[in-house]
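Below is one structure, written out as structure tokens; comments come after it.
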Amino acid sequence: MTLRLFDSATRAERDFVPLVAGHVGIYLCGATVQGSPHIGHMRAAVAFDVLQRWLERSGHTVTLVRNVTDIDDKILDKAAHAGEPWWSWALRFEREFGAAYSALGVLPPAIEPRATGHIPQMVALIARLIERGHAYELAGSVYFDVRSFGAYGALTRQAAEDLTLPADAAGDDKRDPRDFALWKAHKDGEPATASWESPWGPGRPGWHIECSAMAQRYLGEAFDIHGGGLDLRFPHHENEQAQSRAAGYEFAALWMHSAWVTQAGAKMSKSLGNGLLVSEVLAHHAAPAVRLALASVHYRSMLEYTPSTLDDATATWNRLAGFVTRAAERVGQPSDVVSADLPAGFVEAMDDDLAVPRALAHIHDSVRAGNAALAAGDDEAAAAALVAVRAMLDVLGLDPMSPQWSGSSGASTALTALDALVRADLDARAQARARRDWAAADAIRDRLAAVGIAIEDSTEGARWSLEH
RNA sequence: GGUGGAGUGGCCGAGAGGCGAGGCAGCGGCCUGCAAAGCCGUAUACGUGGGUUCGAAUCCCAUCUCCACCUCCA
């Protein structure tokens, strides 16, 4: 079976065939760095990270371009309000996004191009659109001529005349109210640093043109997949496609859109408060559990966020990681995880438009079989389950033994010291248990529990872990 | 108004004509000194009303409710 993906443009699933066999070019709309990342942003990032991992696991070389839009109206507004240069404002949030991505194990893209670093490419593309009769200049700004491009609306299947007109459309002289800016003439009051020379005078790029220009520069005139959040479909993606195709380029062969995070059925937004900022969530929950929560719903379904979402994911993560830890202690680490065979059901699920929930069900099956094997003393079966579980989790970016999650950075010396202290307690408790002094044994366990250290007894002795 | 999406057991979530995915929580049992972890078992679920069918959560008709995009949004 081959990978099938749902194409948002045709609203149908189809076999995925790369333009160049074995290579996949993906353009992913990253952040407009105007504020701190929240878990909705990360949901999209994780969804496409799983896509990349699955494509690579299936033998493809993936070139993923994830842009940073570091100049736009909002950035200018917010920075001005804060009395800070817009460029430093943008970079600050770009860093926050970067930290959030890496905290959640999102693989770094092949390149992360910034809009402000590609002004010449945008200017060239705009000039080409004017030449071809699909754009026109007006008082130092340049607009895309929607009516000149018959296929406008193709991506979202909307007829241009059905669109609600923007509220501010009445006053200007655009040929059509739906025409959108490719180049915005410099306005008095805007910082000089937000202005670049162009054939139409000083100004700055419009919102959509950067993606068309950068996709072409790094992936070529035609590429395999364009991704982003569902809310970018219109107008952003529609306009991107219109620009690129009007310029004579094929652009994306397939579109993928990830759904958002909802609360009580409604889309998450900044107005709901800071509790869902990545920094806030990570302060209270383990990063792999957060990633698991974001990945465990199909990427095209809304992810309903409830107060128990992260607690549930934490419990699940503990179960998965617990099995891997216990199994590894018993049978040792497999030499190779990344090329180990994957269970057929798992492969089938992932090949079916990345059906992660179904894939997870297979992971749970293997974990249960593995736990049963451990209990029965069947090391061979336990070892087989361990490899399978780690290999499957690796596809989701959730292998507990990966460097990302096995954690051996700055905290290790503290953990080593703590381990020595806790082991002393565990030895004392073992002695108390040996003389059947249950009160003393329980007192030790309770004292450790009170500071967040959980004890598990097993035939091999006691094991401790930090409760998160 | 236009374009789409969704309503599944206490909760989260798959599935899409026929052996009731999976997880969390709950209940019963095994294991344990007691726990924890683990294992086994355990649910008259598919918005409502009709219809098609031997058989529907899955198809058809009607209907209710919710959400999103069309302005910035992952």
Side-chain angles (χ1 to χ4, degrees), chain A residues 8 11 28-32 34-35 37-48 72-74 77 97 153 156-169 178 207 227-236 238 257-262 264-270 292-294 296-309 311-316 318-320 322-323 325-326 345 349 355-365 367-376 433 436-439 441-442 445-446 449 454-459 462-463 465 467:
Chain A
S8 310
R11 287 210 303 284
L28 175 62
C29 277
T32 299
Q34 46 148 313
H38 58 68
I39 59 174
H41 296 117
M42 293 303 113
R43 153 104 121 146
V46 168
F48 286 96
D72 87 323
D73 294 350
K74 279 249 169 89
D77 284 355
F97 268 85
T156 49
R157 297 189 168 197
Q158 290 175 292
E161 53 272 20
D162 288 336
L163 299 175
T164 305
L165 300 181
D168 62 352
R178 300 158 195 88
W207 174 34
L230 194 54
D231 39 12
L232 291 177
R233 251 184 341 168
F234 193 92
H236 185 54
E238 185 71 60
H257 289 100
S258 62
W260 40 72
V261 179
T262 58
K267 180 184 172 189
M268 178 179 291
S269 74
K270 293 180 182 91
L292 177 64
L294 295 177
S296 61
V297 175
H298 186 93
Y299 77 90
R300 287 195 285 116
S301 297
M302 302 302 165
L303 191 168
E304 175 68 7
Y305 181 90
T306 71
S308 66
T309 298
D311 290 337
D312 288 354
T314 300
T316 303
N318 288 154
R319 175 177 161 76
L320 300 173
F323 164 69
T325 303
R326 287 190 303 275
V356 173
R358 268 196 282 146
L360 270 171
H362 289 285
I363 293 175
H364 279 111
D365 285 347
V367 168
R368 195 181 318 108
N371 275 324
L374 285 177
R433 293 183 71 206
R436 309 182 75 79
D437 182 354
W438 310 126
D442 290 351
R445 184 170 63 196
D446 291 346
I455 302 302
E456 276 178 46
D457 289 323
S458 75
T459 49
R463 172 187 299 109
S465 60
E467 295 210 299

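The chains referred to below are lettered A, B, ... by the order of the sequence lines, with proteins before strands, and numbering in each begins at 1. Because the structure is a prediction, the values reported are computed rather than measured.
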Quiz item: Out of B:G5, B:A74, B:C72, which has the shortest distance to the side chain of A:Arg11?
Solution: B:G5
Quiz item: What's the closest nucleotide to the A:Arg358 side chain, out of B:A14, B:A74, B:U3?
Solution: B:A14
Exercise. Provide the distance between the two C1' atoms, one in B:G23 and one in B:A14, to the nearest whole Å.
Key: 11 Å
Quiz item: Taking the same atom, P, in B:G10 and in B:G26, what whole-Å distance lies between them?
Solution: 16 Å
Practice problem: Using the side chain to side chain donor-acceptor pair (under 3.5 Å) rule, take A:Thr32 and A:Gln34 through it: C-alpha gap first, then chi angles, then the decisive distance, then the call. | Solution: CA-CA 6 Å; A:Thr32 299; A:Gln34 46 148 313; 5.7 Å; no
Quiz item: Dot-bracket for RNA chain B: what is it, with Watson-Crick or G-U pairs under 3.5 Å, [ ] where a pair crosses earlier ones, and | for a pair to another strand?
Solution: (((((((..(((.....[...))).(((((.......)))))....(((((..]....))))))))))))....
Self-check item: Which residue lies more 5' along RNA chain B, comparing A:Leu303 with A:Arg300 via nearest heavy atoms
Solution: A:Arg300
So [X], base contact, sugar-phosphate only, or nothing? Heavy-atom distance under 4.0 Å.
X	result
A:His298	sugar-phosphate
A:Arg43	nothing
A:Gly153	nothing
A:Glu304	sugar-phosphate
A:Thr262	nothing
A:Gly322	nothing
A:Met302	sugar-phosphate
A:Thr309	nothing

Exercise. Heavy atoms under 4.0 Å is the rule here; annotate nucleotides 22-35 of chain B 5' to 3' with B where the base is hit, S where only the sugar-phosphate is, and - elsewhere.
Key: SSS--------BBB
Practice problem: To the nearest Å, give me how far apart CG (A:Asp231) and C1' (B:U3) are. | Solution: 15 Å
Exercise. Flag the pair A:Lys74 and A:Asp77 as a salt bridge only when some basic side-chain nitrogen lies within less than 4.0 angstrom of an acidic carboxylate oxygen.
Key: no
